[in-house]
Every structure is written in C-alpha cells, then in structure tokens.
Protein chains: 2
Amino acid sequence: MSTVELGELGDEATTGTLAEQVFFRLREAIVAGELQPGERISEPALAGRFGVSRGPLREALARLAERHLLERTTHLGARVVSLSFPKLIDLYHAREALEGMACRLAAERATPETLAALEGLLDNHERRAPLHEGAAYVQDQGDLDFHFRIAQASENPALIPILCDQLYHLMRLYRRTFVAQGVRSKTALREHRAIVDAMKERDGPFAEQLMRRHIAKARKSIEDLYAAQLRAGDVKEE
Amino acid sequence: MSTVELGELGDEATTGTLAEQVFFRLREAIVAGELQPGERISEPALAGRFGVSRGPLREALARLAERHLLERTTHLGARVVSLSFPKLIDLYHAREALEGMACRLAAERATPETLAALEGLLDNHERRAPLHEGAAYVQDQGDLDFHFRIAQASENPALIPILCDQLYHLMRLYRRTFVAQGVRSKTALREHRAIVDAMKERDGPFAEQLMRRHIAKARKSIEDLYAAQLRAGDVKEE
DNA sequence: AGCTCCCGTATTGTTGACAGCTTTTCCGGA
DNA sequence: TCCGGAAAAGCTGTCAACAATACGGGAGCT
C-alpha cells in the first residue's frame with residue numbers, strides 16, 4: 001500500500017521502542033493526510049489513540065518537529081506543519097542542489113547492478129503510465145521513488161538523511177495536498193531516461209546538470225501554477 | 001566567547017522549556033568538546049549535571065540524534081557522534097551543493113545592506129588575519145560566520161535550517177577536532193572576496209559557481225591531508 | 001453595549017517511581 | 001590460571017501523577 005516498487009527506502013522499522021513506533025505511525029498519519037496540515041495536536045488524545053503514555057509521544061513529537069513535519073510552541077502544543085506554494089518552491093530549490101549533487105556522486109559510484117535496477121524502474125513506469133492515463137498518483141509515487149533511489153545511490157551519509165528522511169516525506173505530503181501536476185509525466189520520464197543514460201556513461205557533471213534542469217523545470221511549472229492561482233485569487237498571497 | 005562577530009546566527013534561545021534549555025546546553029557541550037566524540041552518555045548523570053529530570057533530557061537527546069550530533073541505540077543509550085575523515089568529506093559535498101544554491105539565491109535576493117555587511121565582515125577578517133598569524137581559530141570561526149551568513153541571506157526556509165541548524169554545528173565540531181587547516185586562510189579570504197563581488201553584480205549563477213569551487217577546493221585539501229595521514233598510518237582507514 | 005478582569009477548566013511541562021534489558025562482577029569448576 | 005555462568009547492579013524505556021501555564025466564559029464596571 002505504501003510504495004510502488006520494492007520495499008521502503010527510508011529508515012522505517014516497525015519494531016523497537018514505543019517512542020520509535022509512535023514516531024513512524026505519526027509521521028505516516030501526517031503524510032497520509034489523516035492529520036490535516038495546520039491541525040492542532042492534543043497530546044492526551046494522540047496518546048490514547050496510539051495506546052501509549054505521553055512520554056514516548058512527546059519524544060516522537062520532538063523528533064517530528066526537528067524534521068519540520070510539526071511545529072511546536074511552548075505551552076501551546078504542536079501543530080501539523082502548514083503548507084504553501086512558496087514553501088514548496090523553496091523545497092524545490094533545495095532539491096535541485098541536493099539531488100544534483102547526489103546524482104553526480106551516484107553516477108561516479110553506483111554499481112552496474114544499481115544502474116540496471118534504475119533502468120528497470122523506468123521500464124516499469126513506462127509500462128504502467130499509459131494504463132491509467134492521468135492517474136498521476138502512481139506516476140508521482142514512482143517519480144519520488146526514482147529520485148530518492150538515486151539519493152541512496154550517492155552513498156553519501158550526509159546527503160541521504162536530508163533527502164530520504166526529511167525532504168522525501170515533505171514531498172509526499174505536498175503531493176497529497178497540491179495534487180495533480182501529473183501533466184509533466186511524459187516529459188519527466190524522458191528526462192529520467194536521459195539522467196540514467198548520463199549515469200551509465202559515468203559522466204557525473206552532466207548527470208548533475210540534467211538532474212538540476214529536471215528539477216528546475218518542475219519548479220518552474222509549479223511557479224506558473226502558483227502565479228495562475230494568484231491571478232485567479234484562489235489562494236492567499238503571503 | 002561564542003562567536004567572533006555580531007550575535008549568534010542559529011536558533012538559540014536561553015529561555016523556554018527545560019527540554020529546550022537542555023537541548024541548547026547539551027549541543028554546546030558537544031560542540032565545545034566537553035563531551036568527546038564517541039563518548040557514551042549516561043542519562044542519570046547528565047540529568048543530574050543539568051539539574052533536570054530524565055523526561056526533558058530524553059526529549060533533548062531525541063532532537064540531537066535527529067540532527068546527527070548523537071547516535072542512539074535502543075536499550076544501549078546515546079553516544080556523541082564519532083568523527084572521521086570520510087564523513088567530513090561527505091559533509092563538504094553536501095555543503096558544496098547547498099551553499100552553492102544558497103549563494104545563488106542570496107546574490108539575487110540580498111539587500112544592499114546585507115551585502116555591505118558581508119563585505120564589512122571580510123574587512124574585519126583581513127584586518128585581524130595578519131595579527132595572529134597561523135592562529136587559525138579566529139579565522140576559521142570567521143570563515144564559518146561568512147558561509148552561514150550567506151545561507152541566511154538566501155532567505156530560503158528549506159536551506160537555512162539544514163545549513164545553520166545541522167551542518168553548521170557539525171562543522172564547528174570537526175574544526176575543533178581536526179584542527180588547523182588554516183593554511184588556506186589567505187587564499188580563502190581572496191575567494192570570499194570574489195564571491196561577494198559576484199553577489200554585488202547580482203550574478204547568481206557565477207556566485208554559485210565560485211562558492212562551489214571554493215568549497216570543493218577546501219574539500220580537496222582535506223582529501224590530500226587524509227591521503228597523507230593514511231600513508232603515514234596515522235589514522236585507521238575505514 | 002462593550003470592555004476588562006477574574007476564575008474554572010483543559011492542556012502542556014515536569015517529576016519520580018517501576019519494569020525490562022545489558023553489562024559487569026563474582027564465584028565455582030576445569 | 002583461565003573459562004563459563006549466574007546473580008546483581010546499573011541503565012534505558014515507560015508510566016501515572018503533580019505543577020504551571022494558556023484558553024474560555026461570565027460577572028461587573030464604564
């Protein structure tokens with residue numbers, strides 16, 4: 001139910017301390033939209049819902065706040081992070097930098113098997129894409145899978161946590177909320193192909209450049225969408 | 001005692017909940033070297049030292065682990081993160097990507113006042129540099145100040161926390177431990193000048209390129225140092 | 001009527017104690 | 001002397017209760 005291909009790529013672990021379990025379950029609840037963005041969180045209520053005491057819960061809250069999925073205010077409680085177009089655009093700037101670098105490193109380091117797996121991933125996407133046309137959900141999930149699999153292939157323990165533990169889940173949250181820019185599905189797949197090709201040629205700098213342009217294009221399409229909605233008055237400026 | 005110029009740039013706050021205070025004090029203790037890298041942390045001991053109960057302390061531990069200053073293992077406790085050359089090199093790769101982007105954004109967005117302040121900062125560094133030749137400590141602190149002031153000037157709430165809340169303190173920790181690569185002081189200052197010049201010309205892409213080369217050069221000098229120590233057998237490979 | 005002040009209520013912040021796991025130590029045997 | 005195992009000590013994980021603060025409503029004053 002969670003991912004399209006293979007297993008999870010993050011730091012999941014269904015076992016361990018209660019604080020850990022609550023951390024994962026709560027994160028999933030946020031990303032899945034069970035707890036709406038901006039919604040206030042009641043500690044006693046959540047503790048009851050998860051069947052734990054407030055101790056482990058507060059530990060989980062602290063961790064999630066550190067990852068910017070929650071915002072805590074002293075004596076006032078925690079709220080699910082609130083979303084906005086400007087924040088999403090900022091996120092894409094960070095992704096452009098980080099994933100570009102990750103792509104360069106992955107191009108230089110990834111094993112042939114990893115590269116083949118990446119290509120297989122794209123084959124699957126291509127095969128599935130025409131099936132439910134416009135159903136961008138699967139496609140988007142696949143897109144995230146592709147991006148963060150490259151992050152892992154960078155084998156850089158400084159980049160991976162930032163991309164896979166922080167930005168990845170924020171992106172999932174945004175995808176769930178600001179749906180359906182699946183318009184770029186077709187051309188995105190083509191760009192993914194080009195990236196993998198560059199990686200197979202072991203051309204790190206070029207792979208980085210392609211990845212950066214790929215993400216920058218996605219950002220621009222979001223900026224356009226934002227500008228349009230601004231003109232239509234659909235969304236408050238801020 | 002803490003910074004060379006102006007006030008702190010992070011998220012400090014001496015007041016608030018106990019958990020918050022402990023978080024800041026413990027982070028400072030780690031970065032300052034009071035708690036040595038790799039050292040095990042006893043919750044009762046630390047709780048006693050800070051005069052708080054274990055509840056708030058554990059919240060602080062969870063947050064610090066999220067920022068990779070601690071490593072926690074179930075039923076086994078927390079350890080201060082252990083340092084290594086490869087990790088430091090990975091860190092520089094991340095910085096190259098992130099600070100490059102931050103520099104580009106700052107070049108496009110920073111107010112003339114901010115740019116002037118940046119130049120003033122460099123003037124101060126230049127004035128102080130020859131005073132205590134080789135005393136790279138102040139110089140290094142100044143270097144970090146410069147870099148993370150640019151991060152703030154990017155005005156990107158996705159980049160700033162990563163650079164200023166996570167990488168900044170890790171860098172301080174490494175500087176304290178793997179001392180004295182102040183050899184690059186002179187040329188680093190020149191490169192800083194060039195970066196600010198590009199920013200003043202509002203040439204975002206060029207400023208980014210300069211920043212990336214600047215950080216890449218620093219990384220390479222560290223890689224050389226590492227290779228030399230490897231040959232000398234000073235440090236275990238891993 | 002509207003504003004201010006005050007009090008009750010609910011929620012967050014914090015504590016101390018209990019349960020389970022890990023490690024250490026100590027003792028007996030080879 | 002060295003090794004193995006069991007008990008004990010210490011630590012981490014968890015809980016329920018206490019303290020302090022913020023929110024909501026009503027009375028009283030202007």
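Everything numeric in this text was worked out from a predicted model, so none of it was measured. Each chain gets a letter, A, B and so on, in the order the sequences are listed, and its residues count up from 1.
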Of the listed nucleotides ([options]), which one gets closest to any side-chain atom of [X]?
{"X": "T74(A)", "options": "dG13(C), dT14(D), dT15(C)", "value": "dG13(C)"}
{"X": "L18(A)", "options": "dG13(D), dT14(D), dG13(C)", "value": "dT14(D)"}
{"X": "H75(B)", "options": "dG13(C), dT22(C), dT11(C)", "value": "dT22(C)"}
{"X": "P56(A)", "options": "dG13(D), dC15(D), dT11(C)", "value": "dC15(D)"}
{"X": "S53(A)", "options": "dC21(C), dT14(D), dC15(D)", "value": "dC15(D)"}

Contact class for G55(B) vs. all strands (heavy atom < 4.0 Å): base, sugar-phosphate, or nothing?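 Result for G55(B) = base.
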I41(A) near the nucleic acid: base, sugar-phosphate alone, or nothing, with a heavy-atom cut-off under 4.0 Å?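 Counting heavy atoms under 4.0 Å across all strands, the contact made by I41(A) is with sugar-phosphate only.
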If I take atom [atom1] in residue [X] and atom [atom2] in nucleotide [N], what distance separates them, rounded to the nearest angstrom?
{"X": "L76(A)", "N": "dC23(D)", "atom1": "CG", "atom2": "P", "answer": "5 Å"}
{"X": "R54(A)", "N": "dC15(D)", "atom1": "CZ", "atom2": "P", "answer": "13 Å"}
{"X": "R72(A)", "N": "dT11(C)", "atom1": "CZ", "atom2": "P", "answer": "16 Å"}
{"X": "L61(B)", "N": "dG13(D)", "atom1": "CG", "atom2": "C1'", "answer": "13 Å"}
{"X": "F50(B)", "N": "dT14(C)", "atom1": "CZ", "atom2": "P", "answer": "14 Å"}
{"X": "L57(A)", "N": "dT14(C)", "atom1": "CG", "atom2": "C1'", "answer": "15 Å"}
{"X": "E43(A)", "N": "dT14(C)", "atom1": "CD", "atom2": "P", "answer": "11 Å"}

Establish, for the pair R149(B) and F146(B), whether the NZ or CZ atom is under 6.0 angstrom from the six-membered ring centre and no further than 45 degrees off its axis.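 Ring-cation test returns no.
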Test your reading of the model: is there a side-chain donor-acceptor pair from T73(B) to the backbone of L76(B), 3.5 Å cut-off?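 Absent.
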So, under a plain 3.5 Å distance rule, would you say the side chain of R58(B) forms a donor-acceptor pair with the base of dG13(D)?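 Check fails, no donor-acceptor contact within cut-off.
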Which one of R58(A), R54(A), R63(A) satisfies the salt bridge (Lys or Arg N to Asp or Glu O under 4.0 Å) criterion with E59(B)?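 Of all the options given, the one that passes is R58(A).
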